[in-house]
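When reading the values below, keep in mind they use all heavy atoms of this one structure, side chains included, and skip hydrogens, waters and symmetry mates. Counting begins at 1 with the first residue of the sequence.
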Amino acid sequence: MVVYVEVIWLLNFMIDWMILLLTQSVTKHITKWYRLVIASLFGSLIVPISFIAPTFPIDSWILKIAHSFIIIWIAFGFQNVAIYFKLLCSFYFMTFSIGGGLFAIHFLFSTEAYLSRQGFATDQIHGLFVLIGFPIILFFTKYRMDKHKMQQFQHEFYYSVTIEWKGKQVETTGYLDSGNHLVDPFTQTPVIIVDETILKHWFDEEDMMQLQASAQNLMKGEMNDFTSTTFRILPFQGVSGQHDFMIAFKPDLLEIHMKNVQLTNKKVLIGIQFGNLVADNSYHCLLHPKLFQQTG
């Protein structure tokens with residue numbers, strides 16, 4: 001079997017470089033691009049050393065840890081212990097995540113695995129598979145971590161909400177939408193928006209169909225008893241600038257549950273959104289920022 005050391009060296013260099021790029025992206029640590037290149041080059045030196053000096057104790061765990069310590073120092077420098085170990089832990093996490101992902105995909109599709117003399121499943125991972133699969137796992141890992149950060153950020157604006165109307169209390173999850181500036185043009189009462197999931201607590205299927213038909217008739221300028229006695233019409237301007245109408249009702253009470261305080265508000269209107277507000281059903285209510293400024 002012919003082994004091309006320079007190809008393995010180049011592959012190892014690219015892997016180290018991409019892991020360091022991902023570590024930098026996740027930690028948001030600013031560093032020079034050439035520091036990452038030099039650190040990757042230093043990390044990949046393990047390949048030629050293993051061929052030039054086969055007796056060198058390269059498998060020693062002490063040398064492996066020292067090796068990674070130097071890689072992080074070259075790539076990001078040293079500001080203080082906390083930042084350094086944060087970068088080091090992130091580097092290890094990215095390495096284990098991407099490496100584990102590669103092995104998982106390889107053994108999922110591999111049909112050439114066999115048992116060694118020691119009883120363990122062994123197989124050879126082709127360099128081309130690593131070259132193609134590594135960037136895919138890398139970008140997938142980055143995508144999932146970025147999305148997780150965004151979800152954590154969004155969850156800071158989630159609140160438990162209780163709506164009381166027609167003698168029934170409904171609890172749901174509300175999302176504080178800073179872009180929601182919808183108010184009653186005559187009374188300046190803030191308007192929150194709920195979807196069908198909430199309305200089904202007060203209306204059966206027949207009433208929901210009648211309510212939706214009435215909303216469509218309102219757009220044509222028609223009015224019936226079903227909407228005129230319970231609901232009011234709110235004009236609003238859509239995102240694209242078009243003018244439209246929304247039917248809304250006034251609840252008996254609205255409560256927003258926060259960590260250390262509970263906001264109670266009676267001066268609020270609830271607009272109706274037919275269908276779901278979001279596909280994942282993470283919330284069913286869009287809150288108005290004004291509700292966090294006034295109570296009563």
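- Listed by chain and residue number, nothing satisfies the side chain to side chain contact (heavy atoms under 4.5 Å, CB included) test with His181 (two or more places apart in sequence, or in another chain).
- Not counting sequence neighbours, the partners of Phe78 by the ring-ring contact (aromatic ring centres under 6.0 Å, His included) test are Tyr84.
- A donor-acceptor pair is defined here as one N or O able to donate and one able to accept, closer than 3.5 Å; no such pair exists between the side chain of Asn276 and the backbone of Val278.
- Judged by distance alone, the side chain of Lys290 and the main-chain N or O of Gln188 form a donor-acceptor pair under 3.5 Å.
- Under the side chain to side chain contact (heavy atoms under 4.5 Å, CB included) criterion, Ile38 pairs with Tyr34, Ile74, not counting sequence neighbours.
- At distances below 3.5 Å, not a single donor-acceptor pair connects side-chain atoms of Ser160 with backbone N or O atoms of Thr173.
- Scanning for salt bridge (charged side-chain N to carboxylate O under 4.0 Å, His left out) contacts around Asp184 gives Arg232, with sequence neighbours left out.
- A heavy-atom distance below 4.5 Å is not found between the side chains of Val161 and Glu171.
- Listed by chain and number, the residues in a side-chain hydrogen bond (donor to acceptor under 3.5 Å, both in side chains) with Ser40 amount to none (sequence neighbours excluded).
- Residues Ser68 and Tyr92 form a side-chain contact, since some pair of their non-hydrogen atoms from C-beta on lies under 4.5 Å apart.
- Other residues, nucleotides and ligands place no more than 12 heavy atoms under 6.0 Å from the CH2 atom of Trp73.
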Pair up each side-chain donor or acceptor in residues 249-258 with any protein partner under 3.5 Å, not counting sequence neighbours, and list the distances.
from   : atom 1 : to     : atom 2 : distance (Å)
Lys250 : NZ     : Lys266 : O      : 2.8
Asp252 : OD2    : Lys166 : N      : 3.3
His257 : ND1    : Gln262 : OE1    : 3.0
His257 : NE2    : Thr162 : OG1    : 2.9

